[in-house]
Amino acid sequence: MLKNDVAITPELVAEHGLKPDEYQRLLALLGREPSLTELGIVSAMWNEHCSYKSSRIHLRKLPTTGPCVIQGPGENAGVIDIGDGDAVVFKMESHNHPSFIEPYQGAATGVGGILRDVFTMGARPIAALNALRFGAPEHPRTRHLVSGVVAGIGGYGNSFGVPTVGGQLGFDASYDGNILVNAMAVGLARKDEIFYAAASGVGNPIVYLGSKTGRDGIHGATMASNVFGADAHEKRPTVQVGDPFAEKLLLEACLEIMAKGCVIAIQDMGAAGLTCSAVEMGAKGDLGVELDLDKVPCRETGMIAYEMMLSESQERMLMVLRPGKEEEAKSVFRKWGLDFAVIGRTTDTRRFVVKHQGEVMADMPIKELGDEAPVYDRPFVKPAVPGAVEAADVAAPCSNMQALLRLVGSPDLCSKRWVWEQYDHLILGNTVLPPGGDAAIVRVGDGPKALALTCDVTPRYVAADAFEGGKQAVAEAWRNLTAVGALPLALTDNLNFGNPERAEVMGQFVEALRGIGEACRALEFPVVSGNVSLYNETHGRSISPTPTIGGVGLLADVRRHATPAFKREGDLILLIGDTYGWLGQSVYLREICGRTDGAPPPVELPVERRNGDFVRALIAAGEVNAAHDLSDGGFLVALAEMAMAGGFGAKITRLPGETDAHAALFGEDQARYLVTIDPQKLEHVSALALADGVVLTILGTVSGSKITVPGEAPIEVASLRDAHESWLPRFMGSGVVTH
Amino acid sequence: MKSAVIRFPGINREDDAARALRLVTGRNAEMVWHGEGELPSGTDLVVLPGGFSYGDYLRCGAIAARSPIMEAVGVHAKRGGLVLAICNGFQIACEAGLLPGVLMRNAAMHFVCRFQHLRVERADTPFANAYARHQAIKVCVAHGEGNYVADEETLARLEREGLVAFRYCDARGNLSEAANPNGATNAIAGIYSENLRVLGLMPHPENLVDPLVGGIDGRGLFESVASALVEAA
């Protein structure tokens with residue numbers, strides 16, 4: 001029997017986030033009352049953040065296999081094959097709750113955690129991205145949060161030495177009390193040198209590596225599984241502090257001992273630290289684990305077992321070493337000035353045993369803690385979907401060119417240069433397409449292969465129709481990869497939703513996942529890793545459902561890629577795809593008309609596939625001089641972006657579609673691209689489109705320094721650029737909100 | 001030409017520097033651990049690369065400047081050996097007393113990464129002979145503390161003796177506040193030692209050696225070193 005100095009009261013159980021039925025389950029599992037350490041361990045393993053207990057049965061429905069998939073969800077990160085023995089390891093993860101409480105450290109450790117997930121698998125990180133959602137610009141905390149999060153992401157990634165090449169940044173009042181910080185990391189490894197978490201072999205040494213353990217971050221994962229009340233700021237001590245220098249050393253040391261063949265299994269200490277990493281290694285390997293906490297390198301004195309097991313101190317790793325390789329591994333870690341300690345061993349008991357100062361502090365069955373944690377099928381109601389908005393029922397409140405000027409300078413569509421200039425996006429010398437395009441392009445070593453990377457979701461679409469919005473998030477990521485010429489291979493998802501105990505939030509989750517799954521299947525774009533962040537709710541108000549999609553695509557020859565910038569006067573501007581003038585849930589409707597109603601544009605997946613495959617083939621054949629996908633703001637915003645990027649104007653001679661001008665210009669119909677070509681290629685390209693059944697319309701030419709549209713006063717590209725570039729620096733630099 | 005790239009803990013552009021040397025000179029650089037006491041024999045060029053040595057804790061470059069290898073680098077410089085100190089390397093060189101002055105926090109108070117033009121102040125040096133005087137070259141910057149500051153006497157001496165290597169400018173070679181990414185005094189992006197054998201600069205010529213990745217204006221610096229060494233041989 002374990003000694004217990006602390007009475008396990010119902011209040012204490014509740015404070016650990018365990019529901020009464022979960023506690024009953026624990027009692028049955030142990031056949032006795034748990035010790036305090038055991039209660040802590042269970043609260044860490046069975047919380048939403050670590051156990052995926054609300055989401056797991058729905059996640060199983062996502063397609064996770066495909067010809068390129070080496071490792072799907074369930075490991076530290078997903079792994080795909082990009083040929084020539086090369087593999088790409090990638091994942092996205094949220095750090096929403098900590099970033100709201102302490103933006104700099106919250107965001108920094110989010111980046112640190114995801115980088116660790118990638119190099120834990122033996123991959124050297126070659127790119128990072130992030131998707132950020134903040135509250136309304138008018139909200140008093142927004143500027144502080146933007147400033148802290150951006151500085152934190154930069155502070156960690158820049159020092160670690162990975163280029164941060166892309167992402168998303170949006171503002172909406174639904175995130176006022178609950179911002180989203182989703183960080184993605186992408187690494188490169190050899191296909192036959194991937195490392196996994198599952199331990200193997202009985203009696204093998206379990207080794208602790210990296211920084212020392214302190215009292216920071218205790219119960220971080222439990223915090224991340226709760227809704228916020230007015231006391232959010234009081235949770236600051238549960239946020240960890242990042243040390244990118246230690247992480248950089250850890251990276252080099254880990255890759256070095258992996259190359260020396262010292263490592264059998266490896267798991268980083270992220271959420272729920274030592275507990276989660278040790279349990280996962282044992283549970284996945286069908287082994288027991290015995291830890292001796294006296295051996296754990298501690299940064300503070302007097303730490304008890306409970307604290308050591310729940311600490312979320314950063315930059316730590318747990319490994320099972322090959323017997324006889326301890327000394328070799330140790331000398332590498334000493335060289336890099338990192339801690340190295342054998343703290344336990346694998347056993348054949350399938351039990352998780354923790355000893356401290358000669359006493360057993362925990363002794364629990366390991367499988368039930370890990371991969372056999374509780375699973376819930378929570379009740380849900382399918383959300384009602386609003387009806388479509390007819391273009392004729394939307395009056396244009398201003399001229400279309402005035403609307404364009406306002407849109408390109410609006411918080412969501414303005415240039416994010418102020419953000420990405422704070423990230424080192426050029427280190428490693430492989431950033432072929434830096435932030436600001438449809439997708440970033442990062443060359444693989446000396447080429448000719450390259451990866452295209454993007455993060456996408458349109459939360460207002462998902463909020464209005466979770467199924468179509470889920471489809472659209474996947475389709476847009478796929479389209480952005482396609483628009484630079486890449487073949488989309490696989491994705492990682494970061495599913496940010498509200499409180500799953502509310503049936504309508506659960507309904508959004510279920511429907512969005514159904515949409516994501518359908519799009520993944522139709523576009524052959526499987527999910528290989530991901531993260532679920534629930535309980536994004538403050539004062540009973542949930543965020544807009546935000547399933548961020550992180551897409552990875554492959555360019556066989558990086559020289560054949562496209563960018564949005566206009567390249568040459570006289571090039572023809574062609575629109576690929578159909579225009580119906582869909583204004584429901586458009587940026588135009590929200591920013592210009594002040595309306596947020598209607599159904600979002602439907603995504604016709606077969607058309608999406610056909611148009612995208614056509615554009616990708618054109619780029620690969622070297623037929624186009626520029627390409628850009630159409631998304632927020634529709635045709636005219638996309639045209640303006642191409643003009644601003646290239647420094648040329650455009651003379652538009654006809655409007656797309658057969659609808660009202662404002663709907664033709666700003667409607668957000670899906671599956672569309674703009675490309676520019678040499679006029680001499682028109683006949684050839686038209687014939688290709690005809691053969692593929694793709695709708696292609698000639699809209700005008702690249703010309704001069706103005707954008708000219710029939711029936712509208714021309715506008716200088718320079719004025720658009722001023723509006724586009726100035727909103728964010730002005731917002732961040734001044735005390736006045738100029739929106 | 002024999003190059004040694006020093007690896008301090010927390011440095012992260014050492015491979016970029018080595019790659020530029022390989023691409024331009026066709027020779028692999030030797031990677032040298034900071035704990036070593038000696039440079040490889042016959043070293044012509046020492047590169048102190050960019051990054052965050054020791055996490056930039058205490059003061060940028062301060063801890064690395066006291067690494068064992070820095071004594072050997074000091075001897076190498078004193079003998080007239082070439083030293084290229086880039087970004088954090090520049091900070092280390094200043095902390096080690098190889099170059100005067102100090103790099104302070106950027107005027108805008110945050111990290112800045114962007115493509116950046118530099119005006120070549122003189123072309124008669126081992127690091128710039130492939131350029132023309134007052135040519136504007138496109139490189140990039142990536143730093144949080146690149147604001148060059150020195151006392152008035154030192155500044156006057158640097159200017160008088162022609163020891164300013166590069167200044168931040170726009171694409172046409174004009175100096176302006178907007179073209180200065182960090183508020184550096186006199187738009188100074190890089191400086192030479194008195195014998196022109198040590199160059200410290202904040203921008204990254206090593207990242208601009210490839211037409212697919214921003215351009216090739218950075219190549220000239222490495223070509224200059226290679227031809228200076230050939231001439232000296």
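None of these values were measured; they are calculated from a predicted model. Reminder, nothing fancy here: chain letters follow the sequence lines and each chain counts from 1.
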| field | Side-chain heavy-atom pair Asn430(A), Arg19(B) within 4.5 angstrom cut-off | value | yes
| His110(B) side chain reached by Met732(A) side chain, heavy atoms, under 4.5 Å |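 No. Closest side-chain heavy atoms not under 4.5 Å.
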Is [X] in contact with chain B via its backbone, its side chain, both, or neither, using a 4.5 Å heavy-atom distance?
X         : answer
Arg443(A) : side chain
Ile427(A) : both
Glu247(A) : neither

| field | Minimum-distance pair of heavy atoms, taken over all atoms of Gly161(A) and Asn12(B) | value | CA-ND2, 3.4 Å
| message | Using every non-hydrogen atom in the two residues, find where Lys335(A) and Trp33(B) come nearest and quote the distance to one decimal. | response | O-CZ2, 3.6 Å
Step through the shown structure and confirm whether more than 12 heavy atoms of other residues, nucleotides or ligands are within 6.0 Å of [atom1] on [X].
X         : atom1 : value
Arg334(A) : CZ    : yes
Glu328(A) : CD    : yes
Arg559(A) : CZ    : no
Met31(B)  : CE    : yes

| query | Between Asn88(B), Asp16(B), Leu23(B), which residue shows the highest count of heavy-atom pairs closer than 4.5 Å to chain A? | reply | Asp16(B)
| query | Who wins among Ala108(B), Gly51(B), Cys113(B) for the most heavy-atom pairs under 4.5 Å with chain A? | reply |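 Heavy-atom pair counts peak at Cys113(B).
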| request: Would you mind telling me which of His143(B), Arg13(B), His204(B) makes a side chain to side chain donor-acceptor pair (under 3.5 Å) with Asp424(A)? | output: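 Option passing the side chain to side chain donor-acceptor pair (under 3.5 Å) with Asp424(A): Arg13(B).
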| query | Measuring from Lys248(A):NZ to Tyr54(B):OH, what's the distance to the nearest 0.5 Å? | reply |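 That separation rounds to 14.0 Å.
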| task | Rounded to the nearest 0.5 Å, what's the gap from OG1 on Thr431(A) to CG on Asn207(B)? Could you check? | result | 8.5 Å
| said: Heavy-atom pairs under 4.5 Å with chain B: which of Asn158(A), Val558(A), Val432(A), Val150(A) has the most? | reply: Asn158(A)
| task | Would you mind checking which part of Ile11(B) comes under 4.5 Å of any heavy atom in chain A, side chain (CB onward), backbone (N, CA, C, O), both or neither? | result |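 Backbone only.
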| Relative to each other, are the rings of Tyr57(B) and Phe245(A) parallel, tilted or perpendicular (30° and 60° limits)? | perpendicular
| Lys/Arg N to Asp/Glu carboxylate O, Asp15(B) vs Arg124(A), below 4.0 Å | no
